[in-house]
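The figures here come from the full heavy-atom set of this structure, side chains too, leaving out hydrogens, waters and symmetry mates. Lettering follows sequence order; numbering is per chain, from 1.
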Amino acid sequence: MTRQIQIDIPQGVNLLLLREELRTAVGEYVAGVSCTPDAVYVVVEDDALDDIADQMQAIIAAHDPAQLTATQAAGQNAVEASIRVKAIPGWATWDEDTALEYITDNVTDLASAKVVIKALARIVIALRDATWPLLNVDV
Amino acid sequence: MTWTTPKTWAVDELVTATIMNTHVRDNLNALKAPPTAHYELDGSANYTTTSTSFADVDATNLALTVTTTGGDVLIGFTGSVRSSINDGSYGRVYFDVSLDGTRIAGDDGMCVELARYTFDDPAVVSFVWLCTGVSADSHIFKLQWKVLTGTATLLAGAGTSNHDVHGQFWVREVS
């Protein structure tokens, strides 16, 4: 079973980040963080030490809800991948013929080839982030 | 109105108003209005949790007290949940109900729902559970939940655009 400790966190809360921060500080006694319409609670296991609320106080006070966990940042990166592709001139809208025609007309030497390769690299990385957002995250 | 075990009638027994009121009228009234409690979700904000162990959803409002006459209690819940998991997979949200502080189903609870954030689609959680052998006493039933990963959100009629839906948690003695 668990018990819930109501906390005062006027700066707002990123539930996943605060859980991560509290687990790092006081261990697996922290099951998570919950919100009701009226209050925010830290959920702790029943066998948590009696002074766990005191141990958590400094972490809660320093919590910055604008920061993201690694998983959240990866998720945001995935959501924003299409925006990054849109910012690459031409490549967001070209069909196959147009793309090939562009390469035929514009790739004439190493420098111009690098322009195309860089655009393709940006697309590949955006596709990677959208397809496998957690590739570099320990979950 | 409390339930009284109906008396066994004897031959030539004098039927009095007291007996009739106790064993007929009061029992019919008890059957018409059994011990019941319910709560509709209609908050100013939705409920959220990251707890990987079962925890009360709302220890104040989603905690139903009924004084039973002893027997079976039917428990029901309907709600809509979302998960923060946005990597294309699903977040698992588990539900259970505690009776006087002890979870009824145990293990991973009464049901699990798969929900995800990516497509902005809430998933429906709806279950009915017959809790048998409940003693005659005052009891507290609390809705509990946990997640496998991520953050779960239970929509609470909080005015969220297109997600302003209301759930209900209820208990009723049925035998």
Run the side chain to side chain contact (heavy atoms under 4.5 Å, CB included) check on A:Thr2 and B:Lys146 step by step: do they pass?
CA-CA 11 Å; A:Thr2 56; B:Lys146 70 169 185 173; over 6 Å; no
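- Within the 4.5 angstrom heavy-atom criterion, only side-chain atoms of A:Val43, from C-beta onward, approach chain B.
- Annotation for A:Trp132: atom CH2 does not count as buried by contact number, only 12 or fewer foreign heavy atoms lying within 6.0 Å.
- Comparing B:Ala156, B:Gly43, B:Gly150, B:Ala158 by how many heavy-atom pairs each has under 4.5 Å with chain A, the most go to B:Gly150.
- Nearest heavy atoms, A:Pro37 versus B:Ala45: CG-O, 3.1 Å.
- By the criterion of side-chain heavy atoms lying less than 4.5 angstrom apart, applied directly or through intervening Ile, Leu, Val, Met, Phe, Trp or Tyr residues, B:Trp145 is not grouped with A:Tyr41; the two fall into different hydrophobic clusters.
- The number of heavy atoms from other shown groups lying within 6.0 Å of CD (A:Glu96) does not exceed 12.
- Atom CD of A:Glu45 and atom OG of B:Ser51 lie 7.0 Å apart (nearest 0.5 Å).
- Looking only at distances, no side-chain donor or acceptor of B:Thr50 sits under 3.5 Å from a matching main-chain atom of A:Gly32.
- When all heavy atoms of B:Gly101 and A:Met1 are compared, the pair lying nearest together is O-CE, 2.8 Å.
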Verify side chain to side chain contact (heavy atoms under 4.5 Å, CB included) between B:Asn61 and A:Asp38, making sure each step is shown before the conclusion.
CA-CA 11 Å; B:Asn61 296 308; A:Asp38 307 311; 4.2 Å; yes
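- Within a 6.0 Å radius of NZ in B:Lys7, other residues, nucleotides and ligands contribute more than 12 heavy atoms.
- B:Thr52 and A:Arg23 get closest at one heavy-atom pair: OG1-NH2, 2.6 Å.
- Note on B:Leu154 and B:Ile75: same hydrophobic cluster, where clusters join Ile, Leu, Val, Met, Phe, Trp and Tyr whose side-chain heavy atoms are under 4.5 Å apart, directly or indirectly.
- From B:Thr48, atom OG1 reaches atom CG of A:Leu15 across 4.5 Å, with rounding to the nearest 0.5 Å.
- Open room surrounds CG on B:Asp107; 12 or fewer heavy atoms of other groups in view lie less than 6.0 Å from it.
- The neighbour count for A:Asp105 CG, taken as heavy atoms of other residues, nucleotides or ligands under 6.0 Å away, is above 12.
- Under the 4.5 Å side-chain heavy-atom criterion for grouping Ile, Leu, Val, Met, Phe, Trp and Tyr, B:Val165 is not connected to B:Leu143 through any hydrophobic cluster.
- A:Thr36 approaches B:Val57 most closely through the heavy-atom pair CG2-O, 3.4 Å.
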